Student: 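For reference, the structure I am asking about is given below.
Atoms within each ligand, like the ligands themselves, are counted from 1 in listed order. Since the model is a prediction, treat every value here as computed from it, not as a measurement.
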Amino acid sequence: MPLQIDILTLFPRMLDGFLSESILGKGLERGLLGVKVHDLRNWTTDKHRTADDRPFGGGAGMVLKPEPVFAAIEQLQTPGCRRIYLTPDGVPLSPALAEELSRQQHLVLLSGHYEGIDQRIRDQVIDLEISIGDYVLTNGTLAAAVLIDALSRFIPGVLGEEKSLTHESFTSKLLDFPQYTRPAEFRGMSIPEVLLSGNHAEIEKWRQARQREKTRQVRPDLLK
Ligand SMILES: C[S@@+](CC[C@H](N)C(=O)[O-])C[C@H]1O[C@@H](n2cnc3c(N)ncnc32)[C@H](O)[C@@H]1O
């Protein structure tokens, strides 16, 4: 049974293009994974469809209320599913975490908005909190999309060519090497000679050297 993902958000239409385009769109079309987007307001009970309220203790912004979120998660969850809240104070998303999640049966992803969500949601109906980076988005819908995109690459068949997974940034704790395509000469810029040599050992050596150089320059922390 392919991985099923439910996304809970106040902005379902933000995902329209994301789910129909490119590699992920094809993966969905071929049934390699399933994604359903749900409007959190469907679980509100008042006539204004209120999903948020002011924070106790004061402060700016609004906080997602517990009632609709509890109701939504309780309806969507299945035994063994992972209930994930996207949040800047969660554990950082990494290739290892994306791969682990790609092997699950069912994920429920919760996107917050405004100031975040009522802590009781996090305490009771969330299993894992994930951050997509050290910056703050206005809501978690794009973060959910990033997580789905990253994990979908580990689902067999989603990437046409499985081997494209092996040569990527981070797979060897190094950033990727530069890529070139035709024409070999463009506006006076030639591609590195070695790539035309047909000598695979030399090409590999050149690529690894570029990887180390780039990682040293941009992400020396990865080399520690
Ligand atoms: C403005 S943020 C809330 C930030 C929260 N007050 C804090 O400082 O941690 C609104 C929502 O965007 C999402 N979000 C923002 N940045 C994110 C990130 N780096 N990773 C994952 N989700 C993020 C979360 O769902 C969050 O509830």
Student: Salt bridge or not between Asp127 and Arg83? Use side-chain N to carboxylate O under 4.0 Å.
Tutor: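 Looking at Arg83 together with Asp127, the answer is yes, because their closest N to O distance falls below 4.0 Å.
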Student: Assess whether a salt bridge exists between Arg82 and Glu100, defined as any Lys/Arg side-chain N lying under 4.0 Å from an Asp/Glu carboxylate O.
Tutor: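 Result for this pair is yes, salt bridge flagged.
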Student: Measure from every N or O atom of ligand 1 to the protein's N or O atoms and keep only the pairs below 3.5 Å, writing each with atom names and distance to 0.1 Å.
Tutor:
{"from": "ligand 1", "atom 1": "6 (N)", "to": "Glu115", "atom 2": "O", "distance (Å)": "3.0"}
{"from": "ligand 1", "atom 1": "12 (O)", "to": "Gly140", "atom 2": "N", "distance (Å)": "3.4"}
{"from": "ligand 1", "atom 1": "16 (N)", "to": "Leu137", "atom 2": "N", "distance (Å)": "3.0"}
{"from": "ligand 1", "atom 1": "19 (N)", "to": "Gly133", "atom 2": "O", "distance (Å)": "3.0"}
{"from": "ligand 1", "atom 1": "19 (N)", "to": "Tyr135", "atom 2": "O", "distance (Å)": "2.9"}
{"from": "ligand 1", "atom 1": "20 (N)", "to": "Ile132", "atom 2": "N", "distance (Å)": "3.1"}
{"from": "ligand 1", "atom 1": "22 (N)", "to": "Thr87", "atom 2": "N", "distance (Å)": "3.2"}
{"from": "ligand 1", "atom 1": "25 (O)", "to": "Leu86", "atom 2": "O", "distance (Å)": "2.5"}
{"from": "ligand 1", "atom 1": "25 (O)", "to": "Gly112", "atom 2": "N", "distance (Å)": "2.8"}
{"from": "ligand 1", "atom 1": "27 (O)", "to": "Tyr85", "atom 2": "OH", "distance (Å)": "2.6"}

Student: So do the side chains of Trp43 and Leu8 get within less than 4.5 Å of each other, counting heavy atoms only?
Tutor: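 A side-chain contact under 4.5 Å exists here.
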Student: Salt bridge between Arg122 and Asp89, side-chain N to carboxylate O under 4.0 Å?
Tutor: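 Salt bridge flag = yes for Asp89 with Arg122.
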Student: Check Glu29 with Lys26, please: is the shortest side-chain N to carboxylate O separation under 4.0 Å?
Tutor: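 Salt bridge between Lys26 and Glu29, a charged N being under 4.0 Å from a carboxylate O: no.
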Student: One thing to verify: whether Glu168 and Arg153 come together as a salt bridge, which I'm taking to mean a side-chain N less than 4.0 angstrom from a carboxylate O.
Tutor: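 Looking at Arg153 and Glu168, the cut-off is met.
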